[in-house]
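Please read the structure below before turning to the comments.
Numbers here simply count residues along the sequence, with the first being 1. Source: prediction; values computed, not measured. In what follows, every heavy atom counts, from backbone to side chain, and hydrogens, waters and symmetry copies are set aside.
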Amino acid sequence: MVVAFSVPLTLSFVALYMKISGIGLERISLGALILSLGLLVDDAIISIEAMIVQLSNGASREDAASYAWSHTAFPMLTGTLITIISFLPVGIAKSTTGEYAGEIFWVSAAALLCSWVVAVLFIPLLGVWFLPQPKHALENTPSLETKSILALRKVLEWVVVKRKTVCAITIALLIMAVLGTNLVNQQFFPVSDRPELIVDVALPAGSSLSKTNKVVSNIESRILPLPSVVHIETHIGDGAPRFYLPYIPASPSTSHATLLLVAKDLTAREELFKTIKEFANDIPASLHVQRLSLGPTADFPVQYRIIGPNVDEIINTSHEIRDILKNTQGTSDVQIDWGNRTLSESFNLDSEKVVHFGSNRIAIAQQMQAFLSGEVVGTIFNADTHRSLVVRAEDKFRHNPQLWALLPIQTQMGNVFLGQLGALEIKQVFPVIWRRNGEPCITVQSDVMPGVEALEIVEHIKPEIDNIQKHLPYGYRIEVGGDAELSQTANDAIFALLPPTVGIMLLILMLQLQKFSRVLLVLCSSFLGLIGAVLGLLVFNAPFGFVALLGLIALAGMIMRNTILLVDQIEYNKHNGSTLNASVIDATILRARPVILTALASVFAFIPLAFNIFWGPMAIVMIGGLSVATFLTLLSLPAFYLVIFREKKKDKAVQ
């Protein structure tokens, strides 16, 4: 009852902080609260457990509360700060993803600090009020010696004897977990569970609005009769409004249109997706059908940029990569962002003839502009209205480039035909040439099939792309874009902050443990969660992405907090005259129940999240990691402690 009361008490403080800080209740902050819910009862359980042990040994409620403060408050504070600091890179990372998910740090930090305050101030007070005094408290007889604890004592005695074997097994499991990460599917952010579909319609560049409208009307006539659609909204010449944060509207263009479709439910959305894909080849335009994402993402999840000085060279390379993507299972809508070549009319002036007739390129261009597009030469006034007077060539000249040679051009030597100054050239060119940092850049982009991750495609074709890159001339390069680039940018922003984060952790741990060997033991214990995390992801076939990375970071903080409390108790037992083996066994037994209870509380708190499309991978990481790490904390950690500190004692004896 006392521990349960700590939850609303802590959340009320957090709600007040969120109100003052202007943090709303949305997907990220709500997920951070649920994440914190699995953590904020830990301190309360540890505090009340310390009181129960003292009460069982005959202490008064006031003395038990005092003991809980003096023996657990500061180790718990150290563990809480370590957990908070582990989220620090997410909160201050300079990236789009950091901006999107940064509230996880601030909300979790507030929740954990408030939970510590509640655990060390309110929980002892509530314990004094509500905890009953044990009727049969036996002095000098540990009340925890139940059958389960006796069994744990026997296991620990075996661990003491086989300490090196236990350490070797743990290291082997950790190596297997690291190797197992290669088998885990990679994902940046999952697809949204919203019912919307976005259909981008791209006609050849330069197409008119009327032509785009005609193509879109054809698409609408195929979609409207479908029973799975409840709403359709079309934006011709522009993208849809940014109604959803991760969605990035397309740039305005007369040759582009966006259809926003709303299906009845997720099943209907997938049916609609397949239907559009089936008739996409019958439409005289490029259709890109995409679901919304639950995080920052690119229009096409798989992208490769080819950059170099010569346009023909990068086009040839783009065709090679396009063919690779088309032949790769799981890809769809493979295309090049330059589109297809279109007919282009250009008039090439002969410089010698232009000079001979006493004219120049600017004067000729201005006259051509007047002939083809028109030029305002005056205004006609009529009563209180006026109209502009525009002069231009007849329709037959403006719509037939073959007749341009007959257009009269005024020069210093009189009027001459345009054909006397040059020749008309009609050729196929790319309507748009994209540049990146001043260099021509062509992007090969692809969507992926349902159930296929973009990072899997990138990893699968990496050898072929590397082979192409190796044979490119000097000055040409291939850059990976899409979700792979966004994921790498997000991870780099986090990893760049790891050195100062680890430095702050070391400082806090040194203040608490006051010995580098103990600090090293605590830091190394954080890797124990990787074993269960990888196992959980493989068993449930869940992908590892940015959200799962957050779970792994939180998991490391929770494990280190349990390790700090265990090491602190071992040191306390040693200072009270116990032998090393006895100190380790007694400390582990004393901390077993709070460690197991906090792990169970967190695991049950994360079970509802395991079925959520966004937070599911993180919950699986936490459930699997905590389940295995709790077991290893009670068995492997004592073995490592005995190996490390026993060896140091031997060294001193030799000296």
Side-chain angles (χ1 to χ4, degrees), residues 38 79 82-83 86 151-186 502 505 517-545 548-567 570 584-585 587-589 591-592 595-596 598-600 602-603 606 610 617-647:
I82 291 295
T83 306
S86 65
L152 177 59
R153 181 178 289 277
K154 290 182 180 180
V155 173
L156 290 172
E157 289 173 352
W158 179 85
V159 169
V160 169
V161 177
K162 302 291 185 180
R163 64 192 72 170
K164 292 184 179 179
T165 303
V166 174
C167 292
I169 293 173
T170 305
I171 294 173
L173 289 174
L174 186 58
I175 293 173
M176 291 174 61
V178 173
L179 297 176
T181 55
N182 296 322
L183 303 176
V184 177
N185 296 329
Q186 301 294 312
V502 174
M505 285 183 178
S517 56
R518 298 172 198 156
V519 172
L520 186 62
L521 178 63
V522 171
L523 285 177
C524 291
S525 69
S526 62
F527 295 100
L528 296 177
L530 185 64
I531 300 172
V534 172
L535 181 63
L537 292 173
L538 290 176
V539 169
F540 292 98
N541 195 29
F544 183 84
L549 177 62
L550 297 181
L552 199 60
I553 292 172
L555 181 63
M558 296 176 68
I559 295 171
M560 284 191 286
R561 176 162 58 177
N562 287 333
T563 306
I564 291 170
L565 291 168
L566 180 57
V567 171
I570 293 174
V584 170
I585 293 174
T588 305
I589 291 174
R591 293 298 182 195
V595 168
I596 293 173
T598 54
L600 287 175
S602 299
V603 166
F606 289 125
M618 183 196 72
I620 291 173
V621 165
M622 299 292 287
I623 292 172
L626 271 178
S627 301
V628 176
T630 300
F631 176 77
L632 295 177
T633 300
L634 297 176
L635 297 182
S636 300
L637 197 63
F640 278 106
Y641 188 94
L642 289 170
V643 169
I644 294 172
F645 290 96
R646 181 63 57 86
E647 289 178 350

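- Taken to the nearest 0.5 Å, the CZ atom of F631 stands 10.5 Å off from the CD1 atom of I596.
- With sequence neighbours left out, the side-chain contact (heavy atoms from CB on, under 4.5 Å) criterion links L552 to L530, A533, F544, L555, V621.
- Residue F640 is tested with V166, L632, I171 for a side chain to side chain contact (heavy atoms under 4.5 Å, CB included); the sole match is I171.
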Side-chain donor-acceptor pairs of residues 558-566 under 3.5 Å, sequence neighbours excluded:
{"from": "R561", "atom 1": "NH1", "to": "D43", "atom 2": "OD1", "distance (Å)": "3.0"}
{"from": "R561", "atom 1": "NH2", "to": "D42", "atom 2": "OD2", "distance (Å)": "3.0"}
{"from": "T563", "atom 1": "OG1", "to": "S525", "atom 2": "OG", "distance (Å)": "3.0"}
{"from": "T563", "atom 1": "OG1", "to": "I559", "atom 2": "O", "distance (Å)": "2.8"}

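- A donor-acceptor contact shorter than 3.5 Å is absent between the side chain of R591 and the backbone of T588.
- Identified under the side-chain hydrogen bond (donor to acceptor under 3.5 Å, both in side chains) test for residues 617-638, with sequence neighbours left out: T170-S636.
- With contacts defined as side-chain heavy-atom distances shorter than 4.5 Å, the pair L174/L528 does not qualify.
- Here the OH atom belonging to Y641 is positioned 7.5 Å from the OG atom belonging to S517, to the nearest 0.5 angstrom.
- Residues meeting the side-chain contact (heavy atoms from CB on, under 4.5 Å) test with A556, sequence neighbours left out: S526.
- Checked against side-chain hydrogen bond (donor to acceptor under 3.5 Å, both in side chains), T83 has no partners two or more places apart in sequence or in another chain.
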May I have the list of side-chain donor-acceptor pairs in residues 178-185 shorter than 3.5 Å, sequence neighbours left out?
{"from": "T181", "atom 1": "OG1", "to": "V178", "atom 2": "O", "distance (Å)": "2.4"}
{"from": "N182", "atom 1": "ND2", "to": "L179", "atom 2": "O", "distance (Å)": "3.4"}
{"from": "N185", "atom 1": "ND2", "to": "N541", "atom 2": "OD1", "distance (Å)": "3.3"}

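- In this structure, OG1 in T165 is found 10.5 Å from CZ in R163, a value given to the nearest 0.5 Å.
- Residues V160 and I585 form a side-chain contact, since some pair of their non-hydrogen atoms from C-beta on lies under 4.5 Å apart.
- Of all the heavy atoms in A592 and L634, the pair that sits closest is CA-CD2, 3.9 Å.
- When all heavy atoms of A610 and I620 are compared, the closest pair comes out as CB-CG1, 4.5 Å.
- Looking only at side-chain heavy atoms (C-beta outward), M505 and S86 come within less than 4.5 Å of each other.
- Between P543 and P617, the shortest heavy-atom distance links the atoms O-CB, 3.4 Å.
- Shown are I570, I644, V567, L523; of these, the side chain to side chain contact (heavy atoms under 4.5 Å, CB included) with R518 is made only by V567.
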